Number of protein chains: 2
Amino acid sequence: MSYDTDIFNALRHRLMTNGFEHGQKVRAEHLRLEFGCSASTIREVLFRLSTIGLVEFREQRGFRVPEQSRALIHELTHLRVLLEAEGTAMSIRRGGVAWEARLTAAHHQLSHLEMRLQSARDTAPFVDLWFDAERHFHETLISACGSDALRDTHQQIYCRFRQQLMIEDRAFDFISENIRHHQQILDAAMAGDEALTRQKIHDHLARHLITDAQVEPA
Amino acid sequence: MSYDTDIFNALRHRLMTNGFEHGQKVRAEHLRLEFGCSASTIREVLFRLSTIGLVEFREQRGFRVPEQSRALIHELTHLRVLLEAEGTAMSIRRGGVAWEARLTAAHHQLSHLEMRLQSARDTAPFVDLWFDAERHFHETLISACGSDALRDTHQQIYCRFRQQLMIEDRAFDFISENIRHHQQILDAAMAGDEALTRQKIHDHLARHLITDAQVEPA
DNA sequence: TTATGATGGAATTTCGAAATTTTCAGAGTT
DNA sequence: AACTCTGAAAATTTCGAAATTCCATCATAA
């Protein structure tokens, strides 16, 4: 495995979880020391991350983590619903039993974790696990869509979405809501009901959308 | 303007038009000589292009232009329809007169060019102009959608779509069809009919989709 | 003839440093 | 107090070269 790809994945993960603060400058010089490689290598990785929007690049002023923004969260959520609903509908049509099995497994793992989270006193040690399980469930939803392009695009948007939410969003505040949503998505998908599945995916993410009421508060 | 960005745009344009053949290796060493910069600079740019899918990267084996593939064209078309129809519907809702004016202007330029193309003996000198006009029209369609994230994503997909089509697709073979399609999209959008506009955008791109009949030819 | 392995040239990846630009703290001015 | 200037420190961008890895060619052997 090459250096480049390792560092890319490490930084991507850190940017999606809580390794950086929004708006913080990402100093290539510091990362160079941390990873023990040269500035060029770090720079390559940061450019790659900037192309998918995980860091912003300004000439002569380096890279920085995008600011958190309600409007951007709304945009990314909208795109996620669009891509995820479409991909899941395609999976329903062409996934077959193998996909249903994988989806059931992914949901089982996720819901098991969420149950434990619900009754845990200290949720901190679960955060990383939950993060992976939730992502795996949503990736599995679209995994049988048959379009790598759609999956890649969805992954880009999902990464940015997570990055935007990470600090504000306390996963545990909405655990019981999430459990219900995930169950509904699973049920609708297993029943082969495309329209209902689309609806449930939308409902699951709807709280991140800005409604007209919020834009123009009477 | 920095070197990096210049080279990035130059290569992106070349990859979208006809500067490279599908599957061809992109030798950083050669580009280094051509652009008169160092290998690292070229490498940075190629990594950025690889992140959006315009070149493929394999460790220790450099970069190459993606192969042309019917399946990929189908996937990219599908995504384009999804994003462009959604973005245009949003533009219809919130674009207002300013957007209508811009769209009319973009369409006028495009159709004027297509008329001349239709009657031209040698179409070669028009290709670049048509390329820009067509892209401008489609970008204008979604320009008032209010979501930078959607616009960025659409642009990525559009670039890859163009790259896949460039060699196979002889623009002039479908000029009269395109003229009709563009007119229908414009009319539906100006009439404020979201559903019809979505339909017309789909129809416009439908010939790049693989139908069931093609997949399983009796 | 086919397969295997060696070899040299070409392309890649990474590095460290030089050149350029920004940033920031503090001195001086209005 | 607010503003500008200045110079040093820090960060960036680019470069050229060293180290590594691939690839085509050819020689050798089964």
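Letters A, B, ... mirror the listed sequences (proteins, then strands); counts begin at 1. Bear in mind that the values here come from a model prediction, so they are computed numbers and not experimental data.
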Spacing of [X] atom [atom1] relative to [N] atom [atom2], expressed in whole Å:
X        : N       : atom1 : atom2 : answer
Ile7(A)  : dT13(C) : CD1   : C1'   : 12 Å
Arg64(A) : dT12(D) : CZ    : C1'   : 14 Å
Ile42(A) : dC15(C) : CD1   : P     : 10 Å
Glu59(B) : dT14(C) : CD    : C1'   : 14 Å
Leu46(B) : dT13(C) : CG    : P     : 10 Å
Arg32(A) : dA17(C) : CZ    : C1'   : 11 Å

OP1 or OP2 of dC15(C) under 4.0 Å from side-chain N/O of Thr41(A): yes
Is there a donor-acceptor contact under 3.5 Å linking the side chains of Glu86(B) and His78(A)? yes
Can you identify which nucleotide, out of dT13(D), dT13(C), dC15(D), has its nearest atom closest to the Ser40(A) side chain? dC15(D)
Should the ring pair His181(A) and His204(A) be called parallel, tilted or perpendicular, given that the plane angle runs from 0 to 90° and is split at 30 and 60? perpendicular
For a 4.5 angstrom cut-off between non-hydrogen side-chain atoms, does Trp99(A) reach Arg94(A)? no
For Ala39(A) and Ala39(B), find the nucleotide of DNA chain D closest to each by heavy atoms; which residue's nucleotide sits nearer the 5' end? Ala39(A)
Could you run down the sub-3.5 Å N/O contacts of the protein with nucleotides 5-12 of chain C?
residue	atom	partner	partner atom	Å
dA11(C)	OP1	His30(B)	NE2	3.2
dT12(C)	OP2	Ala28(B)	N	3.4
dT12(C)	O3'	Arg43(B)	NH1	3.3

Assert yes or no for the condition that the ring centre distance of Phe161(B) to His208(B) is strictly below 6.0 Å. yes
Residue pairs meeting salt bridge (Lys or Arg N to Asp or Glu O under 4.0 Å), one or both in residues 42-51 of chain B, sequence neighbours left out, come to Asp4(A)-Arg43(B), Arg43(A)-Glu44(B), Glu44(A)-Arg43(B)
When rounded to the nearest 0.5 Å, the distance separating OG1 of Thr153(A) from CG of Leu79(A) is 9.5 Å
